[in-house]
Amino acid sequence: MLIINDLNVSIQDKEIISGLNLEVKAGEVHAIMGPNGTGKSTLAWAIAGNDAYTVTGGSITYRGRDLLALSPEERASEGLFLGFQYPVEIPGVSMTNFIRTAINEQRKYRGLSPIAAPEFLAKMDENKKLVGIDSKLTNRSVNEGFSGGEKKKNEIFQMAMLEPTLAILDETDSGLDIDALKVVANGVNRMRSKENAIIVITHYQRLLEYIVPDFVHVLYKGRIVKSGGKELALELEEKGYAWLKN
Amino acid sequence: MENDQNNLLDHITQSEYKYGFVTDIEMETAPKGLNEDVIRFISARKKEPEFLLEMRLKAYHDWLRMSEPRWAHLSYQPVDYQDIYYYAAPKKKQELQSLEEVDPELLKTFEKLGISLEEQKRLTGVAVDAVFDSVSVKTTFSEILEKLGIIFCSFSEAVQRHPDLVRQYIGSVVPPNDNFFAALNTAVFSDGSFCYIPKGVRCPIELSTYFRINAAKTGQFERTLIIADEGSYVSYMEGCTAPMRDENQLHAAVVEIIAMKDAAVKYSTVQNWYPGDKEGRGGIYNFVTKRGMCRGSHSRISWTQVETGSAITWKYPSVILMGDHSTGEFYSVAVTNHHQQADTGTKMIHIGSNTRSTIVSKGISAGKSNNSYRGLVKIIKRAQNARNYSQCDSLLLGDQCGAHTFPYINVENKSAIVEHEATTSKISDDQLFYCRQRGISIENAIGLIVNGYAKEVLRHLPMEFAVEAQKFLSISLEGSVG
């Protein structure tokens with residue numbers, strides 16, 4: 001589904017990702033771990049198409065298409081979702097309005113007519129229950145005045161509403177208590193299917209107890225230095241990252 | 001991203017002004033230029049009583065001695081006042097009983113604007129006093145309103161049918177020599193709207209006027225007078241579009257509102273006149289004097305404006321708070337793009353005791369435009385316990401536009417409480433990227449963010465107006481990312 005080949009990414013001429021390779025197949029869950037500042041978030045932003053991150057070499061192919069040739073909104077409409085580490089506030093724009101606009105733009109891209117109101121509302125209700133947020137939150141402005149946990153739940157809520165094929169979750173677990181963590185994990189697990197894939201970026205093994213990955217990769221200094229199964233996460237938890245540096 | 005934005009900007013700025021078209025109807029015009037004869041011609045054409053002609057002539061002579069104000073943060077080529085037609089009226093203007101009698105060309109124009117009278121009558125239940133250039137063509141719903149004793153008609157009709165009311169109130173809020181543009185308007189005003197709500201009557205519908213500037217090189221000089229008698233209420237809406245022109249068109253309107261004891265007037269404007277092309281050629285010059293007077297105690301006047309059009313906007317809807325416990329409100333969204341310039345704000349003059357005023361101004365600047373808020377809060381010595389709250393926010397799109405705030409606060413009474421808050425912000429790349437990652441295009445992301453920013457003002461608009469205003473906001477800012 002996603003093939004990253006020899007990827008190089010720079011921010012303002014500083015190379016963050018150097019020669020990264022990764023393949024994610026439909027149905028798989030990959031975890032990307034690693035110490036701070038090794039390029040985990042940079043990888044996520046580059047895949048999503050943030051212009052502040054310049055791809056200086058390599059390729060990203062998504063469902064057979066050159067992802068780098070598409071705008072961020074086209075990538076989203078092709079089924080790519082990024083759960084933000086720091087979700088952005090948009091004052092005055094209600095969650096409901098925001099998510100309906102997003103759904104309809106994606107539908108337009110796919111040649112579909114706007115979503116019917118009853119269908120939209122039913123979907124809202126279902127997914128609000130799924131992530132345990134109430135209507136007060138969806139009536140408020142996007143992320144404005146949300147607590148840290150509410151913001152993260154809101155990312156999962158949006159993911160559930162948009163039904164992506166590939167979701168990248170950038171440290172969605174950071175700053176969550178155990179209950180919120182379970183909610184997030186539950187939302188992600190609901191998305192798991194043969195057709196979909198998920199990349200979980202995290203510091204901690206903790207989340208992976210609830211979202212069990214098929215593969216774990218360690219990112220260090222802009223490249224993947226070690227890959228393995230779910231047991232690699234436990235090993236990292238035990239030993240830390242220092243042993244990888246050599 | 002920058003390249004993307006530039007391309008987008010190019011793409012959007014090449015799109016044509018949607019409402020640019022000209023209706024071909026024979027005009028009866030006064031000779032070009034301004035002098036006593038032209039004023040007498042206008043007055044005679046309109047069969048005006050002597051007092052109005054006298055007022056016009058006096059204003060004209062005052063105007064001759066006045067000079068155009070230069071204090072605003074605006075720059076434009078001087079207007080040649082002798083190169084303007086001051087009177088143009090559609091030739092067929094006998095009394096019309098039904099829409100079938102209206103010139104079909106005219107109806108087509110309204111249809112292009114999506115505001116055909118027929119549709120208005122059938123669907124919305126809004127009484128429309130449609131001003132087509134200078135002469136009101138047809139007033140609907142007048143009869144229903146008449147049963148309540150409400151007078152809502154063209155200004156000319158009011159002059160004929162209610163000369164005493166006109167005489168009593170015209171110029172009582174905006175004196176003929178108040179300022180250069182008000183004096184000009186008083187001398188040459190052609191038509192406009194008149195509204196009187198009798199004691200204790202709550203007007204059951206939104207009163208609405210649509211203005212069109214249609215004839216080439218015809219200045220439009222509207223005159224509006226709204227009187228809300230004791231304990232009455234009215235919500236009044238004004239909306240405008242104008243066809244595309246190469247030359248700049250002058251517009252100098254005067255609106256006067258009088259609110260008696262316990263009366264409330266809500267005046268809403270959505271203005272999207274032709275702003276000129278992307279190089280700053282053409283476009284409307286809009287010099288407007290709007291002022292309300294809260295005459296009686298516990299009266300209230302509220303201005304809400306969404307200004308997206310015009311090349312030059314010079315406009316300060318104000319409230320004079322005479323009555324004790326009276327309230328003045330000003331809610332404004334002003335958008336400028338390309339080479340547009342706006343210098344707009346309000347004046348709140350506190351005279352009575354326990355008077356309150358609220359000012360919420362949201363400026364949005366894009367392109368190479370300049371957007372200034374200019375506001376005066378004045379609390380005179382005898383105004384005990386006056387209160388004002390002002391909030392002036394500026395939103396910038398791009399780095400070539402300007403946003404300026406000129407607040408004047410003049411407090412002579414120690415019991416006053418005056419608060420002023422101001423913010424300046426930019427649409428952040430993070431906000432845009434967040435929207436785009438969800439599949440929302442740049443244009444729609446900007447529309448969404450801007451409408452969110454302006455929400456506090458838009459919620460004061462009547463529902464049918466708010467929808468239109470949101471559309472205009474998005475359209476006028478398309479592609480102007482920063």
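Protein chains get the first letters and strands the later ones, always in sequence-line order, with residue 1 at the start of each. Quick caveat: nothing in here was measured; it's all calculated off a predicted structure.
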Looking only at heavy atoms, which of [range] get nearer than 4.5 Å to chain B?
| range | value |
| --- | --- |
| residues 40-49 of chain A | A/W45, A/A48, A/G49 |
| residues 89-105 of chain A | A/E89, A/I90, A/P91, A/G92, A/V93, A/S94, A/N97, A/F98, A/T101, A/A102, A/E105 |
| residues 155-176 of chain A | A/E155, A/Q158, A/L162 |
| residues 115-154 of chain A | A/V142, A/N143 |

Interchain contact, B/Y453 with chain A, by part (heavy-atom threshold 4.5 Å): backbone
Might you point out which heavy atoms bring [X] and [Y] nearest each other, and give the distance in Å?
| X | Y | answer |
| --- | --- | --- |
| A/E73 | B/I440 | CB-O, 3.9 Å |
| B/G439 | A/A76 | N-CB, 3.4 Å |
| A/L82 | B/Q437 | N-OE1, 3.0 Å |

Let me confirm one number: the CG-CG distance from B/D430 to A/N50, rounded to the nearest 0.5 Å. 7.5 Å
More than 12 foreign heavy atoms under 6.0 Å from CZ of B/R387: is that the case here? no
Just checking B/R300: does its CZ atom have more than 12 heavy atoms from other residues, nucleotides or ligands closer to it than 6.0 angstrom? no
CA sep, side-chain torsions, deciding dist, call: B/Y434, A/Y86, side-chain contact (heavy atoms from CB on, under 4.5 Å): CA-CA 10 Å; B/Y434 192 74; A/Y86 303 108; over 6 Å; no
